[in-house]
Protein chains: 2
Amino acid sequence: MRDDPDALAEQMSVVLRHLVLLLRRTVAGQPVTSQQYAVLGSLKQGPRRMTELAEEHAVQLPTMTVQINRLEEAGLVARGGDPADARVRTVELTGEGRTRLLAVQRARIAHLAHELAALTPDERAALAAALPVLAKLG
Amino acid sequence: MRDDPDALAEQMSVVLRHLVLLLRRTVAGQPVTSQQYAVLGSLKQGPRRMTELAEEHAVQLPTMTVQINRLEEAGLVARGGDPADARVRTVELTGEGRTRLLAVQRARIAHLAHELAALTPDERAALAAALPVLAKLG
DNA sequence: CCTCATACTTAGCCAGACTAACTTAGTTGA
DNA sequence: TCAACTAAGTTAGTCTGGCTAAGTATGAGG
C-alpha cells in the first residue's frame, strides 16, 4: 500500500461520514441527549467554568448558558461561584447528575464493546493502534 | 497490549468524542451546512427516493422533506417522480448542486490531507489499516 | 474614580430534529 | 368492483441547540 496522504484523506472522509451517521443512529431516542451527555462528561473530574465548557465543546457562551440552564432545571448540575472572582460561575455535577452520567457511559461503552467483540483480534489491534493517531488530529 | 474489547471500547468512546468535537469545529460557519452536504453526497451516484434518503441519514421523512425543500429552493437539487408509482418522489442533483458538492468535497479532503501530511508514515499506515475496520462497525 | 475588559445572561433568530395528522396513490380481498 | 388497508410524502406544530447582539455585573489600570 502506498503512503499517499491525499488518497488516505479521501478514504478517511468516507469513513468519517459513516461514523457520523452511525453515531447519530446510536444516540437517537436516548433519554439524555448527546449534547447533555457530553457536557456532563466534562464535569466528571470536578467543577468547571462556563467559558471552559463553551470552549471545550466548540460553542459560544450563550449556547452553553442555555444548556446548563436545562441541566440545572433537571437537577443534574449545580451552579457555584468563584470566591476569588465574582464574575465567574462554576458548574458541577449533582449526585443525580453523576449517577445519570455513569449510567449513560456504561451503556455506551457496553454497546461499543459488543460491536468490538464481533471483530477479529487483528482488527481490534488495528483499531487500538489507530486510536492514538486519531486523538492527535485537530 | 492486551486484547480487551471493554478497554478498547472505553478508549474508542473518548476518541469518538474527540472526533465529533473536531468535526464540529471544522464545519462551523460553512456556507453549506454539514447536513446539506451529507444529503448532496447521497445523490452523487444518481436520483434517490425520499424514504431512502431519510433512512440513510437516520432521520424521519418529514425532516428530509424540509431539508430537500431548502436544497430545492437553493437550486441544488430537483424533485422528480417515479413513472411506475405516482406516490414516489425522487430527488437528484442539479448541475449547480453537483458543482457545489464537488467543491465542498475537495475542500474537506484537502483539509484532511493537510492534517495527515503532518503525521509520520507509520501513523498514516496505522490509520490506513484501521479504516476498513471502522467502516465495518454498525 | 473613570474607563475598559472580562464573564455571563437574556432576547431573538434560524436550522434541524421529532410526532401527529393529512393527502394521495397503490393493493387486496370479499 | 369497490371498500378497507397500506405506503409515500407533505404540512403543522413543538423542541433542542446553535448563532449574534445587547445588557449586567465585576475586575483591573491609569
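The sequence lines fix the lettering, A, B, ..., with proteins before strands; numbering per chain opens at 1.
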Could you tell me whether the phosphate oxygens of C/dT10, OP1 or OP2, come under 4.0 Å of any side-chain nitrogen or oxygen in A/T65?
no

May I have all residue pairs that pass salt bridge (Lys or Arg N to Asp or Glu O under 4.0 Å) and include part of residues 89-99 of chain B, sequence neighbours excluded?
B/E96-B/R100

Measure from CE on A/M50 to P on C/dT10 and round the result to the nearest Å.
10 Å

C/dA15 P sits how many Å from B/Q36 CD, rounded?
9 Å

Side-chain contact check for B/R49: nearest option of D/dA8, D/dG17, C/dG16 is D/dA8

What's the separation between atom OG1 in B/T90 and atom CG in B/D85, rounded to the nearest 0.5 Å?
11.5 Å

Residue closer to the 5' end of DNA chain D, B/R87 versus A/T63 (nearest nucleotide)
B/R87

Is there a side-chain contact between B/T51 and the phosphate of D/dA7, meaning an N or O under 4.0 Å from OP1 or OP2?
no

For the atom pair CZ (B/R70) and OG1 (B/T33), what is the distance rounded to the nearest 0.5 Å?
8.0 Å

Between atom CE of B/M50 and atom CD of B/Q67, what is the distance when rounded to the nearest 0.5 Å?
9.5 Å

Looking at B/Q35, I'd like to know whether one of its side-chain N or O atoms comes within less than 4.0 Å of OP1 or OP2 on C/dA17.
yes

Of the residues in residues 66-85 of chain A, which ones touch DNA chain D at a heavy-atom distance under 4.0 Å?
A/Q67, A/R70, A/D85

Once you round it to whole Å, what is the distance between P of C/dA17 and CG of B/L53?
13 Å

CZ of A/R87 to OG1 of A/T51: how many Å apart, nearest 0.5 Å?
10.0 Å

Taking it one step at a time, do A/M64 and A/V39 satisfy side-chain contact (heavy atoms from CB on, under 4.5 Å)?
CA-CA 9 Å; A/M64 191 51 68; A/V39 172; 4.1 Å; yes

One should read off an interatomic distance between A/L8 CG and B/L131 CG, to the nearest 0.5 angstrom, of 6.0 Å

Write down the distance between NE2 (B/H57) and P (C/dC18), rounded to a whole number of angstrom.
13 Å

For A/L61 and D/dA21, give me the distance from atom CG to atom C1', rounded to whole Å.
14 Å

As a test of reading the structure: which of C/dA11, C/dC18, D/dG9 is closest to the side chain of B/V59, going by heavy atoms?
C/dC18

Would you kindly give the CD-to-P distance between A/E55 and C/dC8, to the nearest whole Å?
12 Å

Rounding to an integer number of Å, can you tell me how far A/R89 CZ sits from D/dT26 P?
11 Å

